[in-house]
Amino acid sequence: MEKPFRRRDLLGIRGLSAAEIKGILDTAENFCEISTREVKKVPALRGKTVINLFFEASTRTRTSFELAAKRLSADAVNISVSSSSVTKGETLLDTAMNLDAMAPDCIVVRHSSAGVPHQLAKVSKAAIVNAGDGANEHPTQALLDAMTIREHKKTIAGLSVAIVGDILHSRVARSNIHLLTKLGANVRVAGPRTLVPDDFQYLVDHDLQVCPHIEDAIVGADVVMILRIQRERQDAAYFPSLREYAIHYGLTNERLDLAKKDAIVLHPGPMNRGIEISSDVADSSRSLILDQVKYGVAVRMAVLYLATGGSTIS
Ligand code: CP
């Protein structure tokens, strides 16, 4: 039988085929049930070691990778960069090679610079999983978003998905654009012109619609994905003020009413309530933001399982 995911590393969605993506999602669906058990543990990764190496802050991704490893019975180690020898000037590659010398099976890495997971993959014997690299990719976020959409809409092909906000700095947007277009969704993006370059379509190499107004992206959409304003990656004033951003680009119930009646709302978190999304929308029945977090554990279980040698489960 074909094994749709044959890789050691998960560095991004860009290089994956639709079959590989579906293989990861199918495997994640199979792992979902484990988190509903009273004893949330299976022995699938007993004896394996997973290191979480996060150079940037994280609540959802780091916790869910740790829980995913533990629910599969792997030994999970979290490196806090602020108390590691990075603070003494150790380089990224020296840090990675020293961790590698302790024979982990997988290193999950988040870094503010694009391409860091790719660099580590060249020197590490462990599988490298990208937990977000700068504005480049956040592959497990796109996978958990896809799983959330699949669970609620049954399929992704043919859906209209609006991605709204800070497209320029968003690794979530890039990974989602790769994934959703590969699986046959119609993707529209919108945001301030400074955050959605005219040539964005060519930058990501996919067919997508760049809309001049967020209303154009949202009208008739099945899925509305709102992005966080990435203030930590903005070295210039891309819009006059947060208040004006909220007025012109925030997702309110009025704007959401332009989407299909059964449209769902996604946000990767952390949310800036009252800026890119109103609390009314974030807390409404159309919001699946906490479902995304729930499916994040199953997706990361699947990714760790496959990266350490498991075969896809369908
Ligand atoms: N969505 C996401 O990556 O959240 P964290 O930064 O909390 O991990």
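Atoms within a ligand are numbered from 1 in the order they appear, just like the ligands themselves.
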>> With no hydrogens and no angle check, just 3.5 Å: does a side-chain donor-acceptor pair link E244 and S241?
In response: yes

> If you take all heavy atoms of L10 and L143, which pair is closest and at what distance?
Replying inline: CD2-CD1, 4.1 Å

>> In the structure I gave you, are the side-chain heavy atoms of Y305 and I313 within less than 4.5 Å of one another anywhere?
In response: yes

Give a table of atom pairs where an N or O of ligand 1 lies under 3.5 Å from a protein N or O.
from, atom 1, to, atom 2, distance (Å)
ligand 1, 1 (N), Q141, OE1, 3.0
ligand 1, 1 (N), P268, O, 2.8
ligand 1, 1 (N), G269, O, 3.3
ligand 1, 3 (O), T61, OG1, 2.9
ligand 1, 3 (O), R110, NH2, 2.9
ligand 1, 3 (O), H138, NE2, 2.9
ligand 1, 4 (O), R60, NE, 3.0
ligand 1, 6 (O), R110, NH1, 2.9
ligand 1, 7 (O), T59, N, 2.8
ligand 1, 7 (O), R60, N, 2.9
ligand 1, 7 (O), R60, NE, 3.1
ligand 1, 7 (O), R60, NH2, 3.0
ligand 1, 8 (O), S58, OG, 2.6
ligand 1, 8 (O), T61, N, 2.9
ligand 1, 8 (O), T61, OG1, 2.6
ligand 1, 8 (O), R110, NH1, 3.4
ligand 1, 8 (O), R110, NH2, 3.4

>> Salt bridge check, D257 against R286: does any charged N sit closer than 4.0 Å to a carboxylate O?
In response: yes

> Do D75 and K48 have side-chain heavy atoms sitting under 4.5 Å apart?
Replying inline: no

> More than 12 non-hydrogen atoms from neighbouring residues, nucleotides or ligands closer than 6.0 Å to NZ on K125, yes or no?
Replying inline: no

